[in-house]
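Note that this is a predicted model, so its numbers are computed, not measured.
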Amino acid sequence: MGYQVVVTDYDYKDVNVERELMQKHGIELITAQCRTEEEVIQAAREADGILNQYAPITKQVIEQLDHCKVIARYGVGVNTIDVDEATRKGIIVSNVTDYCLDEVADHSLALLLALARKITILDQAVKHHNWDVTVAKPVFRLKDRILGLVGFGNIPQALARKAKQLGFQILAYDPFIPLSTASTLGVQLVQFEELFRRSDFISVHLPLNQNTKGLIGHNAFQIMKKDAFLINTSRGPVINESALIQALTEKKIAGAALDVVEEEPISHQNPLLEMDNVILTPHAAYYSEQSQIELKSKSAQNIIDVLSGYYPDYIVNPSIKSTVKLQNKSSYM
């Protein structure tokens with residue numbers, strides 16, 4: 001084929017999985033570690049396909065891509081890519097929507113349990129020679145507590161199944177999910193404000209876009225219970241971080257567990273680092289050895305499909321089918 005695919009950036013040990021898959025189809029894989037628009041343009045200007053992790057694929061970048069047919073994102077979210085501009089340019093954008101479902105659900109549940117049972121507070125007390133359960137008061141029984149899910153896609157649905165086994169009552173807010181989907185899982189769909197008002201634990205599972213950025217802010221924290229906890233394993237900027245810090249400082253909510261923050265890596269000056277009622281993990285919810293291989297292989301396959309003349313399994317901009325004519329994969333292989 002003679003096609004070239006550029007990996008704009010990656011934080012994996014290597015790209016051997018992707019390279020091996022592409023070599024079987026005669027596709028050359030070129031790696032870079034871009035951080036800026038200019039670096040992406042320089043590395044990918046002649047590319048037929050792009051694999052992207054965090055580097056910005058903006059309108060300015062896409063305007064310079066004269067050969068690119070597909071941009072594949074490592075992951076679910078596509079906030080690094082100007083999807084509208086890619087569509088106008090005739091470039092298919094793909095992601096992997098069904099990887100790490102259990103990993104993120106499990107991580108969310110682990111953070112919830114650590115908050116509920118005050119695990120980190122008790123751990124630190126014991127390590128500082130304070131053998132005293134009262135440092136964790138109050139702790140409440142989990143059965144019949146209310147878990148609110150902000151967003152009810154594949155990951156929070158997986159979390160709901162797991163949390164139901166622990167006796168949680170579950171609410172969800174998602175204007176795009178039919179009532180029947182929630183009912184099947186024994187979950188009550190409610191409005192945004194009702195979820196924040198009623199929930200004892202709130203787990204956030206939102207994509208980052210212009211509608212969700214800063215969605216959870218001062219108003220949400222004002223109506224939360226004072227003994228409620230917030231958990232975020234989606235994207236940092238969907239929470240107004242200054243509002244969260246204020247709510248935690250003023251004890252308007254009991255605590256938070258965050259796998260993601262507005263600025264990553266987190267600034268050493270971030271007040272969240274000094275708060276005993278906050279648990280922080282380094283955007284790790286997605287990770288397991290199995291999920292990493294799955295993500296790399298599916299992301300690469302998305303590009304292979306397009307360069308082989310087929311629509312990939314995962315298309316972020318399906319409207320592009322009206323202008324980019326490829327074959328369906330039912331006739332593939």
Side-chain angles (χ1 to χ4, degrees), residues 54 77 79-80 104 107-125 127-128 135-140 145-151 155-156 159 171 173 191-286:
Y54 302 121
N79 51 289
T80 60
V104 179
H107 200 89
S108 302
L109 185 57
L111 292 175
L112 186 159
L113 292 173
L115 287 171
R117 298 299 306 174
K118 308 288 180 70
I119 297 299
T120 56
I121 292 173
L122 291 167
D123 171 70
Q124 289 302 307
K127 288 178 178 177
H128 288 86
V135 299
K137 286 189 173 181
V139 171
F140 301 99
R145 299 288 276 178
I146 298 176
L147 168 61
L149 303 173
V150 186
I155 290 171
L159 175 57
L171 310 178
Y173 165 74
Q191 294 301 310
F192 185 84
E193 292 79 9
E194 182 179 354
L195 183 142
F196 276 81
R197 188 170 55 252
R198 292 176 55 189
S199 298
D200 300 300
F201 299 89
I202 296 171
S203 188
V204 182
H205 302 275
L206 294 172
L208 178 60
N209 55 46
Q210 61 184 3
N211 296 318
T212 62
K213 185 175 183 180
L215 176 66
I216 300 169
H218 290 285
N219 292 339
F221 298 126
Q222 288 289 344
I223 61 177
M224 283 178 66
K225 299 178 181 179
K226 287 192 175 182
D227 60 358
F229 295 94
L230 182 72
I231 300 139
N232 187 13
T233 54
S234 58
R235 290 292 183 268
V238 303
I239 295 175
N240 181 326
E241 198 165 284
S242 63
L244 172 61
I245 290 168
Q246 181 179 343
L248 290 164
T249 302
E250 296 177 358
K251 300 188 184 306
K252 291 180 179 177
I253 64 173
L258 309 171
D259 185 52
V260 289
V261 290
E262 281 187 349
E263 178 188 345
E264 297 180 7
I266 191 169
S267 167
H268 294 168
Q269 286 73 49
N270 195 313
L272 293 169
L273 293 169
E274 305 301 322
M275 295 182 175
D276 292 337
N277 59 343
V278 174
I279 300 173
L280 296 165
T281 56
H283 203 146
Y286 70 92

Is it true that atom CD of Glu264 has more than 12 heavy atoms of other residues, nucleotides or ligands lying nearer than 6.0 Å?
yes

Separation between CZ of Arg198 and CG of Leu147, rounded to the nearest 0.5 Å
12.0 Å

Search all heavy atoms of Leu248 against all heavy atoms of Gly255 and return the closest pair with its distance.
CD2-CA, 3.6 Å

Does any non-hydrogen side-chain atom of Asn219 lie less than 4.5 Å from one of Phe196?
no

Compare every heavy atom of Asn232 with every heavy atom of Gly236, then report the nearest pair and how far apart it is.
CA-ND2, 4.0 Å

Within a reach of under 6.0 Å around NZ of Lys213, are more than 12 heavy atoms found that belong to other residues, nucleotides or ligands?
no

Has the side chain of Asn79 got a donor or acceptor atom that lies under 3.5 Å from a matching backbone atom of Leu208?
no

Side chains of Val150 and Ile202 in contact at under 4.5 Å (non-hydrogen atoms)
yes

Would you check if Phe221 and Leu244 make a side-chain contact, meaning some heavy-atom pair closer than 4.5 Å?
yes

Shortest non-hydrogen separation from His107 to Asp259 and the atoms involved
NE2-OD1, 3.7 Å

His205 side chain near Leu159 side chain, heavy-atom distance below 4.5 Å
yes

What's the separation between atom CD in Glu262 and atom CD1 in Ile239, rounded to the nearest 0.5 Å?
9.0 Å

Of the non-hydrogen atoms in Val261 and Pro237, which two are nearest, and what is the gap between them?
O-CD, 4.3 Å

Quick check: do Gln222 and Lys252 have side-chain heavy atoms less than 4.5 Å from each other?
yes

For Tyr54, does its backbone N or O pair with a side-chain atom of Thr80 as donor and acceptor, under 3.5 Å?
no

Smallest heavy-atom separation, Arg145 atom then Phe140 atom, equals NH2-CD1, 3.5 Å

Look up atom CE in Met224 and atom CG in Leu195, then write down how far apart they are to the nearest 0.5 Å.
9.5 Å

Once you round to the nearest 0.5 Å, how far does CG of Leu111 lie from CD1 of Ile119?
12.0 Å

How are the rings of His283 and Tyr286 set to each other: parallel, tilted or perpendicular (split at 30° and 60°)?
perpendicular

Got a list of side-chain donor-acceptor pairs under 3.5 Å for residues 270-280, not counting sequence neighbours?
{"residue": "Asn270", "atom": "OD1", "partner": "Leu272", "partner atom": "N", "Å": "2.9"}
{"residue": "Asn270", "atom": "ND2", "partner": "Glu241", "partner atom": "OE2", "Å": "2.9"}
{"residue": "Asn277", "atom": "ND2", "partner": "Ala254", "partner atom": "O", "Å": "3.1"}

Using side-chain heavy atoms (C-beta onward) and a distance below 4.5 Å, is Ser203 in contact with Phe201?
no

Do you know which two heavy atoms are closest between Ser108 and Thr233, and how far apart they sit?
OG-OG1, 2.9 Å

For the pair Asp200 (side chain) and Ile146 (backbone), establish whether a donor and an acceptor sit closer than 3.5 Å, ignoring hydrogens and angles.
yes

